[in-house]
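Inspection log for the structure reproduced underneath, given as structure tokens.
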Amino acid sequence: MKIGYDTVSTPFGEIFVALDEAGVRKVALSEADWAAFCAEWGTVTHDPQLCAQAVCQLNEYFRGERRAFDLPLSMHGTPFRKQVWAALCDIPYGEVRSYGQIAEAVGKPKAPRAIGQANRNNPLPILIPCHRVIGKTGALVGYAGPRTDIKTILLQLENALPQ
């Protein structure tokens with residue numbers, strides 16, 4: 001399987017976006033995440049042409065010109081994770097939901113921790129907006145490991161920081 005990648009400059013540093021023949025397969029927010037992806041999938045080649053549409057839409061998002069993405073996604077995960085990721089895509093730009101609200105939305109009201117694990121394993125952050133999920137108290141928790149600064153930056157960009 002051919003996987004191509006390119007990079008995008010963001011307010012919090014360079015990120016990597018990888019596509020396969022089905023669509024965007026990975027958005028890596030750190031070098032470590034990117035290295036793990038490459039170790040798992042093998043040869044990933046620099047292919048700006050394959051990634052042009054995704055890079056363009058991400059750049060538009062970071063400039064405040066795009067509120068929704070229109071890209072084919074190549075999502076790989078368990079049925080439960082895919083269900084959670086679909087629910088995350090229903091959170092409108094500029095709004096947030098709690099882990100408990102997402103658990104309710106997927107019909108698993110007692111599973112906010114499982115929602116957190118699905119978020120943690122989201123291979124397409126930003127495109128699948130797990131940054132819009134916050135703690136029940138409004139705390140900005142659980143984004144890209146300890147990188148809650150990324151969540152803050154993305155929510156500021158969307159004017160969605162909880163008060």
Side-chain angles (χ1 to χ4, degrees), residues 1-63 66 68-91 96-97 99 102-103 106 108 111-135 139-158:
M1 166 184 307
K2 178 184 176 193
I3 300 176
Y5 82 93
D6 203 357
T7 58
V8 178
S9 293
T10 76
F12 48 85
E14 188 172 71
I15 63 173
F16 300 84
V17 59
L19 283 82
D20 61 24
E21 57 274 347
V24 183
R25 186 174 190 114
K26 180 69 176 173
V27 174
L29 303 180
S30 69
E31 291 273 349
D33 190 25
W34 180 243
F37 175 79
C38 291
E40 180 179 355
W41 292 103
T43 303
V44 181
T45 58
H46 187 236
D47 192 339
Q49 185 176 355
L50 177 66
C51 301
Q53 185 179 17
V55 168
C56 178
Q57 288 192 25
L58 284 162
N59 282 327
E60 290 170 350
Y61 170 82
F62 286 112
R63 288 192 307 262
R66 176 172 289 277
F69 295 97
D70 181 23
L71 296 165
L73 304 180
S74 180
M75 295 187 349
H76 299 269
T78 66
F80 175 74
R81 286 181 180 173
K82 288 180 181 180
Q83 182 183 21
V84 171
W85 299 337
L88 300 180
C89 290
D90 290 337
I91 305 171
V96 294
R97 301 288 185 272
Y99 289 94
I102 299 301
V106 300
K108 306 276 188 196
R113 287 183 186 220
I115 301 303
Q117 285 302 312
N119 274 11
R120 178 182 262 286
N121 290 287
N122 174 8
L124 301 169
I126 304 169
L127 303 180
I128 297 175
C130 53
H131 61 277
R132 296 180 188 152
V133 183
I134 61 173
L140 304 183
V141 295
Y143 191 73
R147 294 287 317 262
T148 55
D149 63 314
I150 294 174
K151 182 178 256 188
T152 301
I153 291 166
L154 294 173
L155 292 176
Q156 284 175 332
L157 176 74
E158 296 184 12

Exercise for the section: With the side chain counted from C-beta on, respond yes when Glu158 and Arg132 share a heavy-atom pair under 4.5 Å apart, and no when they do not. Expected result: yes

Practice task
Answer yes or no: is there a side-chain heavy-atom contact under 4.5 Å between His131 and Leu155?
Solution key: yes

Practice task
State whether the side chain of Asn122 and the backbone N or O of Ile128 hold a donor-acceptor pair below 3.5 Å, judged by distance alone.
Solution key: yes

Practice task
Search all heavy atoms of Asp47 against all heavy atoms of Gly4 and return the closest pair with its distance.
Solution key: CB-CA, 3.9 Å

Exercise for the section: Taking all heavy atoms of Pro72 and all of Ala22, pick out the closest pair and write down the distance. Expected result: CB-O, 3.5 Å

Practice task
Evaluate salt bridge (charged side-chain N to carboxylate O under 4.0 Å, His left out) for Arg97 paired with Asp90, printing each intermediate quantity in order.
Solution key: CA-CA 10 Å; Arg97 301 288 185 272; Asp90 290 337; over 6 Å; no

Exercise for the section: Nearest 0.5 Å please: distance from the NE2 atom of His76 over to the CG atom of Asn121. Expected result: 14.5 Å

Handout entry: Distance-minimising heavy-atom pair for Arg66 and Tyr61
Key = O-CD1, 3.5 Å

Handout entry: Any side-chain heavy-atom pair of Asp33 and Val27 under 4.5 Å
Key = no

Practice task
Decide if atom CD of Glu40 counts as having more than 12 heavy atoms of other residues, nucleotides or ligands within a radius under 6.0 Å.
Solution key: yes

Exercise for the section: Provide the closest heavy-atom pair for Asp70 versus Gln53 in the form atom of the first, atom of the second, distance. Expected result: O-NE2, 3.7 Å

Practice task
State which residues pass side chain to side chain contact (heavy atoms under 4.5 Å, CB included) with Ala35; sequence neighbours excluded, sorted by chain then number.
Solution key: none

Exercise for the section: Please answer whether the main-chain N or O of Val106 pairs with a side-chain N or O of Gln83 as donor and acceptor at a distance below 3.5 Å. Expected result: yes

Completion exercise
One should read off an interatomic distance between Ile3 CD1 and Thr45 OG1, to the nearest 0.5 angstrom, of 9.0 Å

Handout entry: Atom pair SG (Cys130) and CZ (Arg120), whose distance is rounded to the nearest 0.5 Å
Key = 11.0 Å

Practice task
Classify the angle between the aromatic ring planes of Phe62 and Phe12 as parallel (below 30°), tilted (30 to 60°) or perpendicular (above 60°).
Solution key: perpendicular

Handout entry: Smallest separation among heavy atoms of Gly23 and Ser74, with atom names
Key = O-CB, 3.7 Å

Practice task
Flag the pair Lys26 / Trp41 as yes when at least one side-chain heavy-atom distance between them is below 4.5 Å, and no otherwise.
Solution key: no

Handout entry: Nearest heavy-atom neighbours spanning Ala18 and Phe37
Key = CB-CE2, 3.8 Å

Problem - side chain to side chain contact (heavy atoms under 4.5 Å, CB included) partner of Leu58, the single match among Val24, Leu71, Val8 - result: Val8

Exercise for the section: Look at the side chain of Trp85 and the backbone N and O of Gly77, then say whether any donor-acceptor pair between them is shorter than 3.5 Å. Expected result: no

Practice task
Indicate yes or no for a side-chain donor-acceptor contact from Lys108 to the backbone of Ile102 under 3.5 Å, with no hydrogens or angles considered.
Solution key: no

Fill in the blank from the handout: Distance col, row Ile150:CD1 vs Ile126:CD1, nearest 0.5 angstrom, shows 7.5 Å

